[in-house]
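Right, one structure below, let's go through it.
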Amino acid sequence: GSADLAANDSVQDKSKKPKSWKSGWFNGKRSSTAAETAENAKEKTASEGVNDFRNTTVPTTYNEMFMFNAAVMGFGGRTWMNEVLASFDIIVSNVSNSYRLQEECDILSLRMAKRKGNINLAEYKAVMLASLRSLVKDWGSLHEVSWSWLWENVERLIKAQLGKPALQERALARFLSSLDEIGMGTVKNEVYAKFFALAPAGQDFFKQSTTRLHFIAEKVIVMTLDMYREPKKMVEDISALGLRHVGYGIPTDLFGPFVTACVQVIRSLTEDDQAEEAFRWSLSLISRILCRVINEGSTIVMKAINANSGKQLKKAVGCAPRGKRALWMLNIQVGTHSISPLFWALETGSLDAAKAIIVDLLTIRADRDRYYYGVDILFERHPDVIKRLCLDAPGLLYTLLDGLIWRSRVTENGQRRVNYYIRHLLQDMHGGFAKNTEWITDSGDPKVVCHPIVSMVTDLVWGRVAFRTFVVGKAWFLFTIAVFICSQSVLNHLYLGVYVEVGAAAGTSSAAHRLLASASTAVKVVTAATATAVQTRYVRHFENRLAIFLCRCFIYLCSMGQWVVFHVKYSMRDFRHKRFVRVGCLKIPEYLVAWQGWSSLLLTICLASMLCLEPLAHCVQNDEGELFVIDCPAAQHLLFPYSIMSMGAMILYFLLLSDLSVFSTRVSAFALVCSRVISEVFLFLFGLCFFVAAFACAVSALEQDDPDFAGIEKSALQLVKITFGMFSGTHYDMLTAYPALMVAMFLYVATTVIFLL
């Protein structure tokens with residue numbers, strides 16, 4: 001009866017506490033303990049309330065009232081009370097569980113040992129009763145007896161360990177520091193030998209390498225000492241470790257033999273009874289915490305995941321209430337730590353169970369006038385679920401996307417209603433733009449990109465938000481490409497007039513001859529009447545030369561200059577943040593990993609090379625009285641390399657223009673497929689080069705006088721023509737005169753068709 005009354009009072013007290021946990025479906029760690037909050041409030045009141053009589057704040061929670069009464073009763077300097085206050089809620093909640101109460105009191109004794117000053121537990125009782133009397137309206141003698149009984153039990157358990165942790169810590173630290181490498185090696189080996197002798201079933205759960213087993217044994221030894229040094233941190237770490245053991249499916253009955261084996265090994269290495277007792281007590285406490293966490297977290301859902309059975313999982317969640325069905329599959333809370341069954345299934349490769357969870361979460365269920373659909377809870381618990389699926393289980397991503405579409409089974413006028421649930425694909429929990437579309441794009445799966453809901457989301461974002469911004473941003477780039485095309489591919493082929501230098505005037509005529517890189521050429525014209533040879537030269541009008549000059553100035557200043565600023569900016573950013581990626585033996589800035597980065601860098605290099613080779617600059621001193629001449633003798637040797645750089649820049653401009661594929665989802669999907677098969681294309685070319693080299697060398701060694709196959713280089717060229725269907729029929733007819741050569745060609749064609757095409 002006292003225990004029940006204490007629990008009821010605890011519930012009343014907790015209902016008055018301010019909400020300090022994260023809101024939503026899932027609880028997380030507290031940002032600060034209530035004791036620290038109350039202590040800060042007390043210090044602020046003590047510093048400001050002395051000279052301010054208007055401060056009439058009345059404590060309304062147990063923590064605040066306790067700190068207030070402790071200060072009034074002269075116990076404000078008892079820092080150990082903060083540790084008791086922080087654990088008091090758990091102690092009261094588990095007063096009926098003697099094992100858990102013993103565990104919490106042992107942990108509390110370790111935390112109190114880290115506080116300085118004398119510890120008088122009776123002082124806490126006095127402050128506790130005074131605070132409860134102030135908060136509970138109908139406080140009576142039964143309450144007094146119940147809470148006094150509770151604290152007497154807690155005080156008895158704490159006093160059993162009071163003063164011991166400091167001595168045990170020093171003894172254990174002294175023993176562990178005396179262990180040399182040989183002694184530690186003995187511990188690592190003997191622990192498992194004794195454990196497997198005590199519990200042979202444990203061998204099924206320790207299948208790792210010897211190095212991993214030695215690491216675990218060493219970690220256990222270190223944890224026993226850290227339990228004394230940092231008890232609060234170690235309890236959090238052990239709770240997290242216990243939740244992982246839930247996923248591993250470790251039976252709790254193996255912890256007892258493991259502790260016994262470790263204690264036996266330590267007993268054989270030391271004669272210090274205090275060090276042995278310190279090790280045994282610490283390891284026993286760690287074992288109890290792990291067993292409790294595993295027992296609390298071992299739900300039927302986790303057991304189904306460990307078995308990787310979709311049927312078991314459906315059966316497990318079938319008995320869950322409708323309102324908590326999703327929580328069973330998304331959250332297992334033990335203390336301040338939690339584990340997600342869905343993410344654990346993905347991490348351990350239990351894809352059948354993970355698929356069953358996703359399908360069950362995204363199934364709409366009705367209960368009278370209320371509908372249950374787990375999409376909101378799923379994305380609240382795991383905002384990055386799409387990212388995890390892209391990395392760990394790409395095959396389940398399509399299942400998730402299918403679950404975001406609801407199709408009615410009833411048709412009206414030959415049409416069926418379809419609902420797309422796209423909110424979480426567009427918006428995150430903070431109201432910002434979600435990264436789900438970016439993660440799907442980075443996955444590079446054409447099937448996922450073409451999924452109906454992904455197409456709808458991307459089309460919606462593109463049409464309503466991004467289209468105008470994208471077009472404005474690309475308009476300048478399109479104008480730059482247009483200017484570059486006019487400069488390098490249009491204006492340099494416009495010729496006007498012929499100037500006669502030697503002989504009778506031949507008049508003017510339009511020129512239809514294509515000049516390489518806008519150069520002029522000299523020809524011989526022989527008239528029928530006089531048979532006089534005259535040398536002519538094509539010349540350009542001033543307007544044509546001026547247009548070429550202006551277009552190229554625009555390219556060098558506005559396009560190349562913009563790219564130079566872009567690369568300097570992002571290179572400095574990556575150097576400042578030390579963001580580098582190793583490619584072979586070189587380290588390059590991170591932004592160059594994307595194809596837009598390295599292709600724009602190559603474009604900048606091509607434009608800079610064009611500027612250095614520019615014929616307009618080299619003809620300034622040889623313009624013969626004309627402005628903007630580009631075909632003077634001083635620039636003749638630069639025309640061909642300049643044209644090569646111009647061709648490369650043109651290709652790179654159009655490569656960067658491929659970003660415009662986003663105008664259509666189908667075109668984007670096609671571009672994605674092309675990017676995915678590039679590696680296969682290079683593999684094909686590698687195989688083709690191998691076969692061409694092999695047969696070219698073989699044919700050159702053959703005794704034959706076919707001019708098409710005279711030497712390795714000519715043979716290789718003809719073999720490439722055969723592969724791409726460029727070898728003419730007349731040349732095939734010539735092979736009939738050389739039977740051995742024809743057989744070799746037949747073998748080449750058969751080999752390439754079978755293995756490459």
Minimum heavy-atom distance [X]-[Y], with the two atoms named:
{"X": "R381", "Y": "S338", "value": "NH2-OG, 3.4 Å"}
{"X": "F205", "Y": "I250", "value": "CD2-CD1, 3.6 Å"}
{"X": "F195", "Y": "A261", "value": "N-CB, 3.6 Å"}
{"X": "N436", "Y": "P383", "value": "OD1-O, 4.0 Å"}
{"X": "K125", "Y": "W151", "value": "CB-CD1, 3.3 Å"}
{"X": "P165", "Y": "S109", "value": "CG-O, 4.0 Å"}

Salt bridge between [X] and [Y], side-chain N to carboxylate O under 4.0 Å?
{"X": "E181", "Y": "K188", "value": "no"}
{"X": "R133", "Y": "E144", "value": "yes"}
{"X": "R388", "Y": "D384", "value": "no"}
{"X": "K164", "Y": "E169", "value": "no"}
{"X": "E104", "Y": "R100", "value": "yes"}
{"X": "K233", "Y": "E236", "value": "no"}
{"X": "K159", "Y": "E155", "value": "yes"}

Check your understanding: Do Y228 side-chain atoms and A278 backbone N/O form a donor-acceptor pair below 3.5 Å?
Key ->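 Judged by distance alone, yes, a pair lies under 3.5 Å.
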Notebook entry, point to check: Mind checking what makes salt bridge (charged side-chain N to carboxylate O under 4.0 Å, His left out) contact with R292, not counting sequence neighbours?
Noted result: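 Residues passing salt bridge (charged side-chain N to carboxylate O under 4.0 Å, His left out) with R292: E103, E296.
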| field | Qualifying residue for salt bridge (charged side-chain N to carboxylate O under 4.0 Å, His left out) with D360, from R365, K315, K314 | value |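 The single option meeting the salt bridge (charged side-chain N to carboxylate O under 4.0 Å, His left out) with D360 is R365.
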Residues at least two apart in sequence or cross-chain that pass side chain to side chain contact (heavy atoms under 4.5 Å, CB included) with A345, listed by chain then number, are I305, S350, A354
